[in-house]
Amino acid sequence: MKPRFADPAVRPQTERFDLATLNEPQRQAVLHEGGPLLVLAGAGSGKTRTIIYRIARLIRDGVPAQRILGVTFTNKAAAEMRERLWSIAGGDGAKVRLSTFHSLAVAILKEELKAAGLKRGFCIYDTGDQLSLVRELMRQVRVADRRLDAARVLDLILRAKRERKAEIAIDTGDDYELAAFDLYPRYRAQLAAFNAVDFDDLLLLAEDVLDTPGPRERWSSRFDELLVDEYQDTSPDQLKLLKILAGSEKRVCVVGDDDQSIYAWRGADAKNILIFSNQFKGAREIVLDQNYRSTGFILAAANQVIKNNSGRKPKALWSDAGDGEPVDVVACTDPNDEAAFVVAQIQRLLADGEVKDEIAVLYRANVQSRIFEEELGVERIPFRVVGGQAFFERKEVKDALAYLTVAMNPRDEIALRRIINTPPRGIGPTSVLRLAAAGEASGRGLWSALKEAATVSDLPPQAVVGAAQLVGVVERSAPGLRRAKRGELSHLAGTLFQELGLRDHVLAADDAPGLAERRLENLDEVVRSLERFERSVAADVPILSEYLTSAALTNADEGEEEDQAGRVTLMTLHSAKGLEFRNVFLVGVEEELLPHQRTVDDAAGDLGEERRLFYVGMTRARRRLWLTHVKTRLKHGKPTPRTPSRFLQELPEGEGVRRRNRDDPKGDAESEKLAGDFFRNLRANLGIT
DNA sequence: AATTAGTAAATTTTT
DNA sequence: TTTACTAATT
């Protein structure tokens, strides 16, 4: 696997283990022995490097690699760490157990299936599945006609579940609370009936399991050393898991930055950093505040902004890299103008010899990306959009996987509903309703109702035929799929998709040019990802269940790793965390976008988190940083006046920040320069092509 | 007449 | 990718 953001200056291919290359606090963190350790690592302070070195140091001092557990927040981070460990510690580095909290929880649940109260082949529901379930329940309970947003209902349910509430408290008594109150027990009952768990259940159940004597002993003695990256993003449940796994020795090292906590909406609690010393008695605390990434002006601006947050560990990043160029704050007239400005600047950077991999456009919401995609496309500047839609969440991919899921676990009615009429086989919404009612009445569920479709009253004949066909295909293929071992699964799945006519269905569905081909490509990629998966597992064990779990927990665009070099990067602020670029455009820095509307509206909204998000975005930049905002933006088709983000007022005054207005005559010099650059660039391009 | 299939609008961040 | 509306089909 190649690193996505290879930069020789920061991530050498082979890293030599040399303590002299570390600064004093980094060295202390690496050498610290025994008890709990909290490393407060500011943005760009060499955090990951410190963790890698620490692991390498532990191995060198005789800790068996397989008794070291490194927990990261994303699969991507785990993969990157694995690679760097390999380069610094060789074969032993590869034996270190690196995983996310969620995949660790799955490992625990699979090993302790009984204690967890689960059956083999349980499914993991992602947010889309959760939403489908809530929507379905809303229909059943007839709250649908009140037109509630299922996502908000789900949010309330998940919150209660995380807090292990027996029922949802009625507080304000609004429609959402009432709906959530009704649906909460049903949601949980349905998951149990489907032999399914959602993301939160993974952690909650793992916690329950480790609360019982047997498993507790087994797991708390399994690792000698624990390391947690991005500790500020851990939830209370993850903290509990960590405490159990740490056992009595408590050799725990956590690394994080409270200023970069941006996942509170998903249950993370930055307080975990503040309370670390209470949770782990005798903890040592080390602060890494020397920044090796950004220029002085960028750091000064970022420090000045984050200072306004309360309840943080006071610290200010410093650097000896010099002031650099001022931060540019640019007022544009509208999103078109903003995109034009950004792309013109990018042209100019490229003309000056900057490389595309070192340029990023960051935004708050995914919807903002489109106009930049268009503008870059017009100028023929290669780009990539990170995160937009994860591979395993694309419709055609989910459809294909749903077939495999149903083969594994026919009780999963969310997966079953997804495929029941895809490709169309005459079972429309009304027929599904009837079948579901029949399944409910018999108490044996939707799948058995499908099997007995002929006996279901009022079902149109073509629906009966369709049901028989679906049941036939699944029942013929399921036993083989479930038993399939390495070298068999991908072939069986490919045949199944063929037999179902999934490829034809995908190919026939779309009218946008090229889209159908892309979808077909995605579908074929499922088979290829199965092949890849087969190569990565041991022989002679059934692997379908393993594959489905890994698909549920992986967000990576598999197979799209190649030819991503030489492109400008477009992504959300959330997905930018942990990355860095020489040149960063942070766009749409406006009220209602950053801070986002919802956090301003919500009484419980956390303005601090929005500010941290802004801070994270700023600190991605190594040399140049542009902050842009627009004066009008279309909202529901109407042009709406916009105000610059309040965070822009928190920036320092003076030479470190340069404010400009795109339609201001004073900016003419700038635009003339831009025009000049444009033609210069054009000539350069023509010269090459 | 009922049901299914196709079309158009709009969506915060994501393990 | 869901929802609401319309056209087409049994």
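Below, read A as the first sequence line, B as the second, and so on, with proteins coming before strands; counting in each chain starts at 1.
- By the side chain to side chain donor-acceptor pair (under 3.5 Å) test, Lys243(A) is found to be paired with Gln279(A), residues two or more places apart in sequence or in another chain being considered.
- Between Leu401(A) and Tyr547(A), the closest side-chain pair of non-hydrogen atoms falls below 4.5 Å.
- Under a 4.0 Å N-O distance rule, the pair Glu590(A)/Arg646(A) does not qualify as a salt bridge.
- OP1 or OP2 of dT1(C) has not a single side-chain nitrogen or oxygen of Arg418(A) nearer than 4.0 Å.
- The phosphate of dT14(B) has OP1 or OP2 within less than 4.0 Å of a side-chain N or O from Thr572(A).
- Taking atom CD on Glu610(A) and atom P on dT13(B), their separation rounds to 12 Å, with Å as the unit.
- Between His102(A) atom NE2 and dT14(B) atom C1' there is a gap of 10 Å when expressed in whole angstrom units.
- Comparing dT13(B), dT1(C), dT15(B) by their nearest atom to the side chain of Lys395(A) picks out dT1(C).
- Applying the 4.0 Å criterion to OP1 and OP2 of dT15(B), one finds that Asn75(A) has every side-chain N and O outside that range.
- If you measure from atom CG of Asp399(A) to atom C1' of dT1(C), you get 11 Å, rounded to the nearest angstrom.
- Between Gln368(A) atom CD and dT12(B) atom C1' the separation is 10 Å, expressed in whole Å.
- With its ring centre under 5.5 Å from that of the base six-membered ring and a plane angle below 30°, His596(A) counts as stacked on dT12(B).
- Computed from coordinates, the Glu592(A) CD to dT13(B) C1' distance equals 17 Å when rounded to whole Å.
- Here dT12(B) presents its P atom at 13 Å from CG of Asp155(A), a figure rounded to the nearest Å.
- Trp265(A) has its ring centre no less than 6.0 Å from the ring centre of His596(A).
- Among the heavy atoms of the strands lying under 4.0 Å from Phe73(A) are primed sugar atoms or P, OP1, OP2 only; no base atom is included.
- Computed from coordinates, the Leu158(A) CG to dT14(B) P distance equals 17 Å when rounded to whole Å.
- Closest approach to the Ser132(A) side chain among dT14(B), dT2(C), dT1(C) is made by dT2(C) (side chain taken as heavy atoms from C-beta onward).
- Listed by chain and residue number, Phe614(A) satisfy the ring pair (Phe, Tyr, Trp, His ring centres under 6.0 Å) test with Phe647(A) (two or more places apart in sequence, or in another chain).
- Both the sub-6.0 Å distance and the 45° axial angle are satisfied by Arg152(A) relative to the ring of Tyr176(A).
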DNA chain B in dot-bracket, Watson-Crick or G-U pairs under 3.5 Å, [ ] crossing, | other strand?
-> ||||||||||.....
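- Residues that satisfy the ring pair (Phe, Tyr, Trp, His ring centres under 6.0 Å) test with Tyr615(A), not counting sequence neighbours, are absent from this structure.
- Shown here are the salt bridge (Lys or Arg N to Asp or Glu O under 4.0 Å) partners of Arg82(A), two or more places apart in sequence or in another chain: there are none.
- Among the heavy atoms of the strands lying under 4.0 Å from Thr74(A) are primed sugar atoms or P, OP1, OP2 only; no base atom is included.
- For dT13(B), the base is stacked against the aromatic ring of Trp265(A), per a cut-off of 5.5 Å between centres and 30° between planes.
- Rounded to an integer number of Å, the gap from Leu573(A) CG to dT13(B) C1' is 9 Å.
- A perpendicular orientation is assigned to the rings of Phe199(A) and His102(A), their planes being inclined by more than 60° (bins at 30° and 60°).
- Using a cut-off of 4.0 Å between Lys/Arg side-chain N and Asp/Glu carboxylate O, Arg612(A) and Asp259(A) are scored as not salt-bridged.
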Give each protein N/O atom lying under 3.5 Å from an N/O atom of nucleotides 3-5 of chain B, with the pair distance.
unit_1 : atom_1 : unit_2    : atom_2 : d
dT3(B) : OP1    : Arg434(A) : NH1    : 3.3
dT3(B) : OP1    : Arg434(A) : NH2    : 2.9
dT4(B) : OP1    : Gly428(A) : N      : 3.1
dT4(B) : OP1    : Ser431(A) : OG     : 2.4
dT4(B) : OP2    : Thr430(A) : N      : 3.2
dT4(B) : OP2    : Thr430(A) : OG1    : 3.2
dA5(B) : OP2    : Asn421(A) : ND2    : 3.1

